[in-house]
Protein chains: 2
Amino acid sequence: VYSTSADPGTLAAVPQTESAFDRATAVARTEGGGVRAELDPGWDVGNGVLNGGYLLAVVGRAALLDSPHPHPVALSASYLRATPGGPADLTVTPGPAGRTLAHATVVLTGAAGPSLAVQVTTAALGTGPADHSVNPVPDVPPPDACVSTRQGGGPAVGLARHLDTRLDPATAGWVHGRPSDTRLLRAWIRLADGRDPDPLALLLFADALPPTAFAVGKPGWAPTVQLQVLVRALPAPGWCLVESRSTEVTGGWSDEECRVWDAGGRLVAQARQLARVAR
Amino acid sequence: VYSTSADPGTLAAVPQTESAFDRATAVARTEGGGVRAELDPGWDVGNGVLNGGYLLAVVGRAALLDSPHPHPVALSASYLRATPGGPADLTVTPGPAGRTLAHATVVLTGAAGPSLAVQVTTAALGTGPADHSVNPVPDVPPPDACVSTRQGGGPAVGLARHLDTRLDPATAGWVHGRPSDTRLLRAWIRLADGRDPDPLALLLFADALPPTAFAVGKPGWAPTVQLQVLVRALPAPGWCLVESRSTEVTGGWSDEECRVWDAGGRLVAQARQLARVAR
C-alpha cells in the first residue's frame with residue numbers, strides 16, 4: 001500500500017516528452033513512498049475544475065506503477081468533489097494480482113481533499129480482431145469536413161485547447177444555433193500535440209466531449225457522479241471517433257453512453273457515466 | 001469509518017420478514033462498530049461461488065446504514081476474487097455527503113479475503129416520468145407464455161431457486177438445443193418469494209441472467225471483473241423485464257450490457273460489466 005505521505009517528498013523529473021498530455025498526467029514516487037502528481041490547471045472544463053477524463057488518466061498511470069500488467073482495462077470512478085489544479089497525492093491499494101489481470105483501488109487527493117475514488121483493473125490489451133462485435137463504426141465525414149469545436153460555440157475551456165475535436169456536422173447544429181432533438185454527439189478527436197492514442201489517452205477521450213445536452217441546445221454544467229471506462233483494444237495511430245449519447249434523463253440525473261473507435265474503425269473503448277443535470 | 005472488527009461481534013436479529021432475499025442480504029452492526037453479513041451459500045452460481053448481484057445487494061445495504069439518503073443509485077464494483085458463503089465483514093468508508101447525494105466506498109471481506117470493492121452513490125429516487133428516454137421496453141410475450149429457466153437447460157444453481165425467470169421465447173432457443181447467433185437474452189424476472197422489486201432487488205437483477213454466451217450455445221463460466229449498476233427509478237410492483245446483450249468479445253474479455261424495466265415499462269436500471277470468457 002502506498003499511503004499518502006505527509007512529507008513534501010520529491011517529484012521525479014518531468015518525463016522527457018514533447019507531449020503535453022504525458023507531462024500533465026505524469027506521476028512520480030515521492031521519497032516517502034507515496035505517489036504524487038502535479039495536476040495541470042490547463043486541463044479544465046470551466047470554473048477551474050479539471051476534466052474527469054484527464055483525472056482518470058492520472059489515476060491510470062498511478063495504478064500502472066506497480067501493476068504486473070501494462071494497460072488499464074477497466075476503471076470505475078466516483079467523483080467525490082471538483083478537483084482544482086495543483087499537487088495531488090495518489091493512494092494506491094493493490095488488490096489481487098494474477099497472470100491475467102490485477103486489481104487496485106486508487107484515491108486521488110488534491111487541494112480540496114479526496115476527490116476521486118477509483119476501482120482499477122489492469123491487464124494486457126491486444127490488437128487482434130474481435131471475436132464478436134456489434135459496434136459498427138458510425139459513418140462520419142472525414143475530420144476536415146467536420147466542425148471544429150474551436151470555431152463555434154463550444155465551451156472556451158482549457159480542455160478544448162489540448163484536444164483537436166471535429167464534430168460530425170450531423171450532430172453539430174447546436175454550434176450554429178440550430179440544436180437537434182437528439183442527445184447525441186459524434187466527433188473525431190486527437191491530442192492537439194499530435195501524440196498518438198494509447199489506453200491512457202482513451203481514458204481522456206471517454207469524457208472529452210461536451211455534455212450531450214449541448215446537442216439539444218441546453219448547455220450547462222453536468223458534473224459526473226460515477227464513470228466507468230472499459231478499454232477494449234490498443235488503438236491504431238491517428239484520429240479516434242467518439243460517440244456520446246444520453247439515453248435516459250430523469251429526476252435530475254442523466255446517463256452518458258460513450259463509445260470510441262480507432263482510425264481503423266475498431267471499437268477501442270466503452271464508457272457510461274451518471275451525471276447531474278439541471279432540471 | 002467502520003473498520004473491519006477483529007472481535008467476533010454480535011449479529012443483530014435476522015429481520016422479521018418472509019422474504020428470503022431480505023434475510024439473505026441482511027447486514028448488522030457488530031458490537032465493535034463494524035458491519036457484518038451472513039452470506040447465504042444458497043445464492044450461488046455454481047462451484048459454491050455467490051452471485052455478483054446478490055453480493056452487490058449486500059453491499060448496497062451496508063452503504064445505506066449510515067447514508068442520509070434512502071436508495072442506492074450507482075454502484076461500481078471490482079470483483080477481486082470469488083466469494084463463498086459464510087460470515088463477511090463490510091468496511092464502509094463514507095465520502096462526501098450532501099443534500100442530493102452521498103458517496104461511500106465499501107469493501108466486502110469474506111472467508112477467502114477481500115472479494116468486492118465498490119464505489120457507492122446513494123440518493124433519493126423518484127417515480128415521476130422521465131424527462132427524456134430512448135429506452136423503449138422490448139416487446140416480449142407475457143411471463144406465462146415465456147420459458148422458465150427451471151424447465152430447461154438453465155444452470156441448476158442456487159440463484160435459480162430464488163428467482164422466477166421467464167425467458168423470451170425469441171432468446172430461449174438454446175434451452176432446447178437450438179442456439180441463436182445473437183448474444184442476447186431477455187427475461188421476465190421476480191423474486192421467487194413474491195417480494196416486490198426495490199432498488200436493492202434491481203442490483204440483483206442486473207447480474208441475474210446467465211452469461212449471454214449461453215444464447216449462442218456456449219455455456220460456461222464468465223466471471224465478472226467489474227460491474228457498474230445505475231438505478232434510475234423506483235420500480236413498480238410486479239415483474240421486471242431484463243435484457244442482457246454482449247456487444248464486443250475480444251482477447252478473452254466480454255462486455256454484458258443490461259437494462260431493466262419495471263412492470264409499467266419504465267427503465268429502472270442500467271448496467272455494464274466486463275467479464276472473462278473462454279477463448
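Proteins come first, then strands; the chains are lettered A, B, ... in the order of their sequence lines, and each starts at number 1.
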### Query
Considering only heavy atoms, which portion of A/R266 lies under 4.5 Å from any heavy atom of chain B: side chain, backbone, both, or neither?
side chain
### Message
Between B/D168 and B/R186 (side chain of the first, backbone of the second, donor and acceptor by atom type, cut-off under 3.5 Å), is there such a pair?
### Response
no
### Task
Output the option from B/V73, B/L267, B/T247 having the highest count of non-hydrogen pairs under 4.5 Å with chain A.
B/T247
### Message
Please tell me whether B/Q228 and A/R272 have a donor and an acceptor in their side chains that are separated by less than 3.5 angstrom.
### Response
no
### Message
Taking B/L204's backbone N and O only, do any of them form a donor-acceptor pair with B/Y54's side chain (distance below 3.5 Å, no angle check)?
### Response
no
### N/O donor-acceptor pair under 3.5 Å between B/S246 side chain and B/T212 backbone
no
### Message
What part of A/L75 gets within 4.5 angstrom of chain B, counting heavy atoms only: side chain, backbone, both, or neither?
### Response
backbone
### Task
Heavy atoms only, distances under 4.5 angstrom: which of A/R245, A/H132, A/R183 has the most pairs with chain B? Name it, please.
A/H132
### Message
Quick check on the interface: out of A/G128, A/G126, A/S133, A/P114, who has the most heavy-atom pairs with chain B under 4.5 Å?
### Response
A/S133
### Message
Is it the case that the side chain of B/D262 and the backbone of B/A236 share a donor-acceptor pair, with hydrogens and angles ignored and the cut-off at 3.5 Å?
### Response
yes
### Under 4.5 Å from a heavy atom of chain A, the part of B/A97 involved
neither
### Task
Please determine, among B/A123, B/A124, B/S78, the option with the most heavy-atom pairs under 4.5 Å with chain A.
B/S78
### Query
Has the side chain of B/D207 got a donor or acceptor atom that lies under 3.5 Å from a matching backbone atom of B/G53?
yes
### Message
I'd like to check A/L90 versus A/V107 (side-chain heavy atoms, cut-off strictly below 4.5 Å). Are they in contact?
### Response
no
### Message
Please classify the contact between A/A104 and chain B as side chain, backbone, both or neither, with a heavy-atom cut-off of under 4.5 Å.
### Response
neither
### Summary
Between the CG atom in B/L274 and the CZ atom in A/R232, the distance rounded to the nearest 0.5 Å is 5.5 Å
### Message
Given heavy-atom pairs under 4.5 angstrom as the criterion, report whether the side chain, backbone, both or neither of B/L125 touches chain A.
### Response
neither
### Task
Give the member of B/T121, B/T182, B/L227, B/V216 that has the highest number of heavy-atom pairs under 4.5 Å with chain A.
B/T121
#### Entry: Contact origin within B/T105 toward chain A - heavy atom pairs under 4.5 Å
side chain
### Query
By a 4.5 Å heavy-atom criterion (distance strictly below it), what part of B/L80 contacts chain A: side chain, backbone, both, or neither?
both
